[in-house]
Amino acid sequence: MPLHRGSTGIIQGYSTFYSDRIQPMPMQDKYTPADIERAAQTHWEKTGAARAVEDSTKPKYYCLSMFPYPSGKLHMGHVRNYTIGDVLSRFHTMLGFNVMQPMGWDAFGMPAENAALANNVPPAAWTYENIDYMRTQLKSLGFAIDWERELATCTPEYYRWEQWLFTRLYEKGLVYKKLGTVNWDPVDHTVLANEQVIDGRGWRSGALIEKREIPMYYMKITAYAEELLTELDNLPGWPEQVRLMQKNWIGKSTGVRFAFPLADNADEKLWVFTTRADTIMGVTFVAVAAEHPLATRAAANKPELAAFIEECKKGGVAEADIATMEKKGMATGIYVSHPLTGQEVEVWVGNYVLMSYGDGAVMAVPAHDERDFAFALKYNLPIRQVVAVDGETSFSHEAWAEWYADKQRGKLVNSGKYDGLGYEAAVDAIATDLSAMQLGEKKVQFRLRDWGISRQRYWGCPIPIIHCKTCGDVPVPDDQLPVVLPENVEITGAGSPLAKMPEFYECKCPKCGGDARRETDTMDTFFESSWYFLRYACPDNTTTMVDERVQYWCKGGIDQYIGGIEHAILHLLYSRFFTKLMRDVGLIGDLGEPFANLLTQGMVVAPTFYRDLDGGKKQWINPADVDVVTDEKGRPTGATLKADGLAVVIGGTEKMSKSKNNGVDPQSLIDQYGADTARLFIMFASPPDQSLEWSDAGVEGAYRFLRRLWKTTYDHVQAGLVTACTSSDGLSSAQADLRRKLHQTMGKVADDYGRRKQFNTAIAAVMELLNAFDKCDLKDTAGRALAQETLESIALLLFPIVPHIGQALYVELKPGQDAGTQAFPKADPAALKQDEIELMVQVNGKLRGSIRVAAEADKASIEAAALTSEGAVKFMEGKAPKKVVVVPGRLVNIVV
RNA sequence: GCCCGGGUGGUGAAAUCGGUAGACACAAGAGACUUAAAAUCUCUCGCCUUUCAGGUGUACGGGUUCAAGUCCCGUCCCGGGCACCA
């Protein structure tokens, strides 16, 4: 894959001294991570260990980690993400799969523009430098990545294909233009991202942000809403949580869409959607969004309404802002007729009504909707009860009660011919009547909105459209693609630089040849990340977007996808959407869902510390610069800055971020202890799907464990290599116990890596094994063979997590052998056999002792043994057992 | 506000299908080795008590069960997402 610079391949300049050392020099007595890591990495480079080649004779395993944004250097979340991916990749290689683990760069985005503003570097130069540095960091962590498949989304070789796809979708009507709402900074004259709006003000200018409507391009994701929803049920390899989040996001609701004819002109209608059509007789007003045409019309001759609408347009466009702000409204003076009663109902403008959902208007039933109730109380609007629940207290017009909105138990009242009907019957009857009047019908409504992809920013993929006065919007023809983003620009923070570059936007219309203007908006960066995983299958193809190799790697879905839980909705939904779009455009056949198995790793969090500055701002202080004072129980009581010894405030524990200055640099960890310690610690600290609370303590422990493993293996190698034990015959009983534990551990670790994806418990199991190993006398011949078997196995069991030391130890134990190409250790059933087992004895559910019984003892003899055991006799106090519960292999509970 | 998670010792955590709560580590304390320190090794380590034993304990309050960290109902607290951050 040609990149603009820093193209990949063999690491240059590494010493070849260690690379030929498959046959080792005498083993060093000290664990020296720098040396063994360099040696192992050089060896893998030379042997092409991570190269992925299509091979129909082996089952494939495509292991994908979410590609990083090249922000400058790796952060702890990256290390966690890619270590998980690497463990699974290496484990599956050892299981005999043909593994592909690719890597690339999600290289467009705002931080590059922010950096350009701060440091006066063009975003492209900044991005490519970051990529070069971060690639080196990834390599130093020893990930088995096929670097020949590397891609960066900011290269024309990549983004030309999404421009191509865009023009196809535009022709099919799956991309279209309409007005969209953006945050407008009136001082900087620029559009701001939600992230750049802090407390309703622009992040740079401090100006109050306004909502503004501008033309934007949209992807018709709603056309796929139903499929995106139903396919969620075919994703057993996804966390239930993520499927539920997507389900709620798509938000299918069935209800009724109906119209209120305007009172003074029945031909004109105000359409609304409701899931509570049963309460239609309780409508006392209608509320529309500030952007609704009726609101605009009413405001034309009502200055105070116009002012209110302007006020509604202040503040952010984020749903959270809208939901938490005070609900306000104003009457328009426009009346509509109730479709069933003909009664006049006033139209209000409400700041809580979203123009982007449904028709931008809602019927209001204060009696049976909590928000409407509060609104009616505030503005003295009528409240009309139309649903009653048997056995509930009488309806109060002053205070809301939960049962008012109960659609399970409710029966209609005060609703004429609908009285007595329950929710479903009432909705059916009302929908039928509205339909007969041609004023409405049942409708499925999705919360999912079409995806606005236009960004008024520079560092992104140019939208391939040409605006012509005579021909309108014309897609850029294939032979003029790609529309290359100019890379040497000045970023000023006010507006897009592209809109100030006539050499970019001045062009000819491809249809009529007349003067035309090129679109200067770029695409949402989610566009790039919605299909990169398909491009990894064929990154070198210069003639098509994707080719048949996608079938090999992606058929049935990518085998494992790993990434942050923060992407649970948008990125994963858009990627699923793209896979279906590309199928329908005929690009990839039917692969099914793109990600068969999904692992959402938790965030890496750390404590925050700060000092209050003037003007309500906070100065965030890095945890590394702080001493935490604790009481005698270790609870933190305060913190001081190392530099001046004065107090700082302890903030919450939050995701590591630049803005909170609570990041810990993984590089310092790697420099000090090596990649294996970093990998081991991060996998040991908590299970992958939970958030990982960072603490420097513990890293030392991981390093100590590796040192101890090294020393233990060294001592064994010094005493001379022997052939590994293959049977428990001739072992002492303590040795047989150790061998049983060894084989139990093999099963446990394979299950933890493969099925459970709980790496912390796998590591703990190996630690237990090493503890047992140290306690066992292995000096005799049989013991030496068992030691050989155990140490060889440990090197392989840990290899996926700590591959460098795993490789080095294995080479010492089995000269000439390569750990990464060995089969993963498999438990021998014969070694697991046990003659006698221990069962716990409970009396009334409390632990009172234990018994040892033969492994195949029957229930009666277990009961007898339990009833006569010392603890049972003592606590039964001579009473007769009422019941005895035997849980095989676990315990006996005697109830007296 | 809505949606989704989480809450277990001084700390990170384990307990996989309702069956021994605290595995494995970190920190701390005591001891051994050492001229000394580091490293290493051994032991102690939820809380309470009358300590060769017993009580109690998984955010809080209820419930189901022979048995609940685990299941059910309610409450509190913490974290994440909410469509232009990636």
Side-chain angles (χ1 to χ4, degrees), chain A residues 66 68-69 71 106 108-111 180 182-183 191-197 216 239 241-242 244-245 248-249 251 317-325 327 352 356 371 448-449 451-457 524-526 529 564-571 573-574 602-603 605 630-636 652-655 681 684-687 689-702 704-705 707-708 711 748 751-752 755-756 758 760-761 763-768 771 774 838-842 844-847 850 882-885 887 889-895:
Chain A
M66 288 182 187
Y69 178 79
S71 53
D106 190 13
F108 276 137
M110 260 196 339
V182 295
N183 302 304
V191 174
L192 296 184
N194 282 341
E195 186 189 59
Q196 298 172 313
V197 180
M216 305 205 301
Q241 175 203 159
V242 175
L244 186 60
M245 283 165 84
N248 290 337
W249 187 259
V317 298
E319 186 185 315
D321 298 336
I322 293 160
T324 49
M325 71 192 172
K327 308 288 176 288
Y352 62 94
S356 50
R371 195 170 49 182
L448 183 69
R449 311 202 292 260
W451 171 21
I453 55 161
S454 292
R455 297 290 179 271
Q456 300 68 40
R457 261 177 279 283
D524 180 1
T525 58
F526 273 120
S529 57
I565 181 72
E566 67 273 21
H567 293 292
I569 298 173
L570 290 183
H571 163 62
L573 188 67
Y574 293 151
M603 276 158 302
V605 299
T630 55
D631 63 16
E632 70 279 2
K633 292 209 166 178
R635 295 190 187 97
T653 300
E654 292 183 58
K655 181 180 173 179
F681 172 70
F684 183 56
S686 61
D689 55 348
Q690 274 179 38
S691 64
L692 185 154
E693 201 166 318
W694 185 261
S695 78
D696 292 326
V699 174
E700 191 72 40
R704 195 151 47 209
F705 172 74
R707 234 169 20 204
R708 184 173 148 219
K711 178 70 165 47
K748 161 83 177 155
D751 188 46
D752 278 352
R755 180 181 63 90
R756 299 182 67 211
Q758 293 265 304
N760 53 334
T761 48
I763 296 166
V766 176
M767 285 174 166
E768 265 188 80
N771 290 345
D774 275 353
E838 188 175 32
L839 297 180
M840 295 302 126
V841 177
Q842 295 181 338
N844 288 339
K846 286 191 180 178
L847 185 64
S850 65
K882 282 186 202 152
K883 186 173 180 180
V884 180
V885 182
V887 183
R890 293 214 176 253
L891 56 72
V892 184
N893 188 13
I894 302 164
V895 186

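In what follows, every chain begins at residue 1, and chains take the letters A, B, ... in the order their sequences are listed. Scope of the values below: all heavy atoms of this structure, side chains included, with no hydrogens, waters or symmetry mates.
B:rC71 and B:rU20 have their P atoms separated by 15 Å, with the value rounded to a whole Å. The separation of B:rG57 from B:rG69, taken at their P atoms, amounts to 10 Å, rounded to a whole angstrom. For the P atoms, the distance linking B:rC26 with B:rU35 amounts to 28 Å, nearest Å. Rounded to whole Å, the C1' atom of B:rG12 lies 12 Å from the corresponding atom of B:rG22. Atom name C1', nucleotides B:rG7 and B:rU70: the rounded distance is 14 Å, in whole Å. Look at the C1' atom in both B:rA27 and B:rA13: the space between them is 14 Å, to the nearest Å. Comparing the same atom, P, in B:rA30 and in B:rA37 gives a spacing of 13 Å after rounding to whole Å. As rounded to the nearest Å, B:rA68 and B:rC73 have C1' atoms that lie 15 Å from one another.
Summarising the geometry, atom CD belonging to A:Gln690 is positioned 8.0 Å from atom CG belonging to A:Asn760; distances are rounded to the nearest 0.5 Å. Note that the CG atom of A:Leu692 and the CE atom of A:Met603 stand 11.0 Å from one another [nearest 0.5 Å]. Annotation: the span from A:His571 atom NE2 to A:Thr525 atom OG1 amounts to 11.0 Å, rounded to 0.5 Å. Taken to the nearest 0.5 Å, the CG atom of A:Leu847 stands 10.5 Å off from the CG atom of A:Asn893. Rounding to the nearest 0.5 Å gives a distance of 10.0 Å between CG of A:Asp524 and CE of A:Met216. Annotation: the span from A:Phe684 atom CZ to A:Phe705 atom CZ amounts to 9.0 Å, rounded to 0.5 Å.
Counting to the nearest Å, the C1' atom of B:rG81 and the CG atom of A:Leu244 are 13 Å from each other. In this structure, A:Phe684 places its CZ atom 10 Å from P of B:rA14, rounding to the nearest Å. When rounded to the nearest whole Å, the span between CD of A:Glu768 and C1' of B:rA14 equals 10 Å. The CG atom of A:Leu573 sits 13 Å away from the P atom of B:rC82 (whole-angstrom rounding). The CD-P distance, from A:Gln690 to B:rU11, rounds to 16 Å in whole Å. The CD1 atom of A:Ile569 sits 10 Å away from the P atom of B:rA83 (whole-angstrom rounding). Distance, A:Glu700 CD to B:rA39 C1': 11 Å, rounded to whole Å. Protein atom CG of A:Leu692 is 16 Å distant from nucleotide atom P of B:rG6, rounded to whole Å.
OP1 or OP2 of B:rC2 has not a single side-chain nitrogen or oxygen of A:Arg371 nearer than 4.0 Å. Taking 4.0 angstrom as the limit, A:Arg756 places none of its side-chain polar atoms (N or O) nearer than this to OP1 or OP2 of B:rC17. Taking side-chain N and O atoms only, A:Ser691 has no distance below 4.0 Å to OP1 or OP2 of B:rG79. Taking 4.0 angstrom as the limit, A:Asn248 places none of its side-chain polar atoms (N or O) nearer than this to OP1 or OP2 of B:rC82. One finds no side-chain N or O of A:Lys846 lying less than 4.0 angstrom from the OP1 or OP2 phosphate oxygen of B:rG54. The phosphate of B:rC26 (OP1 or OP2) has a side-chain N or O of A:Arg704 nearer than 4.0 angstrom.
When the nucleotides B:rA25, B:rC66, B:rA13 are ranked by their closest atom to the side chain of A:Val885, B:rC66 comes out on top. Candidate nucleotides B:rA14, B:rA39, B:rG19 were compared by shortest atom distance to the side chain of A:Gln842, and B:rG19 ranks first. Of the listed nucleotides (B:rC82, B:rG19, B:rA86), B:rA86 has the atom at the smallest distance from the side chain of A:Phe526. When the nucleotides B:rA86, B:rC24, B:rG81 are ranked by their closest atom to the side chain of A:Asp106, B:rA86 comes out on top. Across B:rG19, B:rC24, B:rA27, the shortest atom-to-atom separation from the side chain of A:Leu891 is found for B:rG19. Residue A:Met603 has its side chain nearest to B:rG79 when only B:rU20, B:rA86, B:rG79 are considered. The side chain of A:Pro687 has B:rA14 as its nearest neighbour among B:rA14, B:rA21, B:rA39. Nearest to the side-chain atoms of A:Pro111 among the listed nucleotides B:rA86, B:rA23, B:rA13 stands B:rA86. You'll find that the side chain of A:Ser686 is closest to B:rA13, out of B:rA15, B:rC82, B:rA13.
No more than 12 heavy atoms of other residues, nucleotides or ligands shown are found within 6.0 angstrom of CZ on A:Arg890.
Pair assignment for B:rG5 gives B:rC78, based on Watson-Crick or G-U wobble hydrogen-bonding distances that are each under 3.5 Å. With a 3.5 Å ceiling on both atom-pair distances, the Watson-Crick or G-U wobble partner of B:rA30 is B:rU42. Figure legend. B:rC66 is base-paired to B:rG19; pairs are counted as Watson-Crick or G-U wobble with both atom distances under 3.5 Å. When both pairing distances are held under 3.5 Å, B:rG61 makes a Watson-Crick or G-U pair with B:rC73. The partner of B:rA25 is B:rU11, judged by Watson-Crick or G-U wobble contacts that both fall below 3.5 Å. Remark: B:rU51 base-pairs with no nucleotide in the shown strands. Criterion, Watson-Crick or G-U wobble with two distances under 3.5 Å. Taking a pair to require two hydrogen-bonding distances under 3.5 Å in either a Watson-Crick or a G-U wobble arrangement, B:rA86 remains unpaired.
Using a 4.5 Å heavy-atom cutoff, the side chains of A:Asp689 and A:Gln758 are in contact.
Across all strands, A:His571 comes closer than 4.0 Å to no nucleic acid atom at all (heavy-atom distances). Within 4.0 Å of A:Ile894, counting heavy atoms only, lies no atom of the nucleic acid at all. Counting any heavy atom pair closer than 4.0 Å across all strands shown, A:Asn844 reaches no nucleic acid atom.
Ring geometry for A:Phe526 versus A:Tyr574: interplanar angle over 60°, hence perpendicular rather than tilted (30 to 60°).
Across the interface with RNA chain B, nearest-nucleotide mapping of A:Met110 and A:Gln241 shows A:Gln241 to be the residue nearer the 5′ end. Along RNA chain B, the nucleotide nearest to A:Asp689 and the one nearest to A:Glu838 differ in position, and the one closer to the 5' end is contacted by A:Asp689.
Base orientation of B:rC48: anti (glycosidic angle beyond 90° from 0). Look at B:rG9: its glycosidic torsion is within 90° of 0, and that puts it in the syn range.
With hydrogens and angles left out, the side-chain atoms of A:Asp752 and A:Thr761 include a donor and acceptor closer than 3.5 Å.
At a cut-off of 3.5 angstrom, the base of B:rU16 holds at least one donor-acceptor pair with the side chain of A:Arg755. Judged by distance alone, with hydrogens and angles left aside, A:Asn893 brings a side-chain donor or acceptor within reach of the base of B:rC66, the pair sitting under 3.5 Å.
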